[in-house]
Engineer: 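Right, I'll just put the structure down here and ask away after.
Any value given below was found using the heavy atoms of this structure, including those in side chains, with hydrogens, waters and symmetry copies removed. Letters go in sequence order (proteins before strands), and every chain restarts at 1.
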There are 2 protein chains.
Amino acid sequence: MPDSVVLDPVDLEILRLLQNDARTTYRDLAAAVGVAPSTCLDRVARLRRSGVILGHALRMDPAKLGRPLEALLSVQVRPHRRELIGPFVERVRALPESRALFHLTGPDDYLVHVAVAGTADLQRLVLDEFTSRREVARVETRLIFQQWTCGPMLPPAATA
Amino acid sequence: MPDSVVLDPVDLEILRLLQNDARTTYRDLAAAVGVAPSTCLDRVARLRRSGVILGHALRMDPAKLGRPLEALLSVQVRPHRRELIGPFVERVRALPESRALFHLTGPDDYLVHVAVAGTADLQRLVLDEFTSRREVARVETRLIFQQWTCGPMLPPAATA
DNA sequence: TCTGAAAACACCGCTCA
DNA sequence: TGAGCGGTGTTTTCAGA
């Protein structure tokens, strides 16, 4: 499987439309793009096989699920060795509060995006799940005032 | 619309299953949860109306789209006033490289998650779109080695 | 919330350029 | 090789109870 995939304008338009609503029917997709529904089906199947489309995810509102407060935790893991960071990553991923986890360059090794019920819950999370761990050298907490998802993420220099 | 929504075990199970694969049919959903397909349809429609489900998104591989390098940019906007940050946010959201944008507490006002073709593209992005702007006081760039999405994000203390 | 029926859809073969 | 067409099984969706 090649690292990058060749996408023609039809593929790009399909991806753009599916990003707005991933449940768009192939019939509507076909009408919008200007090809036959079966061609759309074929294109989407190919995009899935080639790994461009990883899957279909549900976008949910954390606040509506009782987690109105979101934060980013910058975490320094010391010493930064495989035998420590492997379990650390798995533990963080298993937390119900975790939304995303990044391994980064720079002084802070990890960034954890969490959603919690409130400041008390956040404090508990930081103290019990992070700073209490021996391998966690430092945690810096920043609250998220507002967030935006951007997009559509399409290839640089799109073939128009 | 209330800030938080009351979810029964059926709702939670539906959300859990749809998060793994948002294209699961109502028939399969019904079989897994133990209710009729029409009930599933009704529940999902209600979850959509109540705002718990925001939509169905396509998960795509940035690398396959010619953007194999991802980074987080910490941006300080000075002075941090509405008439400056409004346009700043809109400009960043409109960049094809932007994946997500956060307004944060702490010394750095914004965090921008970007996907680019390579280090040269990243340098161009930082210089031309950020540091060249008068309102941008400082940009700190950290590369993303690896990232994980976590989940399922469900209510704290789930009603069992 | 379920049952059942009707409409819409996905998805497979095939044919044609 | 890739696009388009039609048939079939499945899924969705809407009554009514």
Side-chain angles (χ1 to χ4, degrees), chain A residues 1-61 64-66 152 154-155 157-160, chain B residues 1-2 4-61 64-66 152 154-155 158-160:
Chain A
M1 194 184 290
D3 278 3
S4 189
V5 177
V6 182
L7 301 168
D8 72 7
V10 172
D11 292 321
L12 292 177
E13 190 59 22
I14 287 174
L15 289 175
R16 210 188 318 265
L17 289 164
L18 283 181
Q19 237 188 15
N20 292 337
D21 179 8
R23 285 202 324 180
T24 308
T25 63
Y26 292 114
R27 188 175 145 278
D28 293 349
L29 216 53
V33 178
V35 297
S38 59
T39 305
C40 272
L41 181 74
D42 192 45
R43 293 303 189 99
V44 172
R46 197 177 315 168
L47 288 169
R48 284 183 142 271
R49 273 198 309 276
S50 63
V52 175
I53 295 176
L54 294 170
H56 294 249
L58 212 60
R59 295 193 307 108
M60 297 195 291
D61 186 348
K64 290 283 163 54
L65 291 168
L154 289 176
T159 329
Chain B
M1 196 183 291
S4 190
V5 177
V6 182
L7 301 168
D8 72 6
V10 172
D11 292 321
L12 292 176
E13 190 59 20
I14 287 175
L15 289 174
R16 210 187 317 266
L17 289 164
L18 283 181
Q19 235 189 15
N20 292 336
D21 180 7
R23 287 202 321 179
T24 308
T25 64
Y26 292 116
R27 186 177 148 276
D28 292 350
L29 218 51
V33 178
V35 296
S38 59
T39 306
C40 274
L41 179 75
D42 192 46
R43 292 302 189 101
V44 172
R46 197 177 313 169
L47 289 169
R48 283 184 143 274
R49 274 197 309 276
S50 63
V52 175
I53 294 176
L54 294 170
H56 295 249
L58 213 57
R59 294 193 308 107
M60 298 196 291
D61 185 349
K64 289 284 162 54
L65 290 168
L154 289 176
T159 328

Engineer: Could you write nucleotides 1-13 of chain D as a row of B, S and -, 5' to 3', where a protein heavy atom under 4.0 Å of any base atom gives B, of only sugar-phosphate atoms gives S, and otherwise -?
Structural biologist: --SBB-----SSB
Engineer: Just by distance, do the side chain of B/D11 and the backbone of B/D8 share a donor-acceptor pair under 3.5 Å?
Structural biologist: yes
Engineer: Can you check side chain to side chain contact (heavy atoms under 4.5 Å, CB included) on B/L18 and B/V44, steps first, answer last?
Structural biologist: CA-CA 10 Å; B/L18 283 181; B/V44 172; 4.1 Å; yes
Engineer: Locate the shortest heavy-atom distance separating A/C40 from A/V35; write the atom from each residue and the value.
Structural biologist: SG-CG2, 3.9 Å
Engineer: With side chain to side chain contact (heavy atoms under 4.5 Å, CB included) as the test, would you mind laying out the steps for A/L17 and A/D28 before giving the verdict?
Structural biologist: CA-CA 10 Å; A/L17 289 164; A/D28 293 349; over 6 Å; no
Engineer: For residues A/L65 and B/L15, determine if any side-chain heavy atom of one lies less than 4.5 Å from a side-chain heavy atom of the other.
Structural biologist: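 A/L65 vs B/L15: side chains touch.
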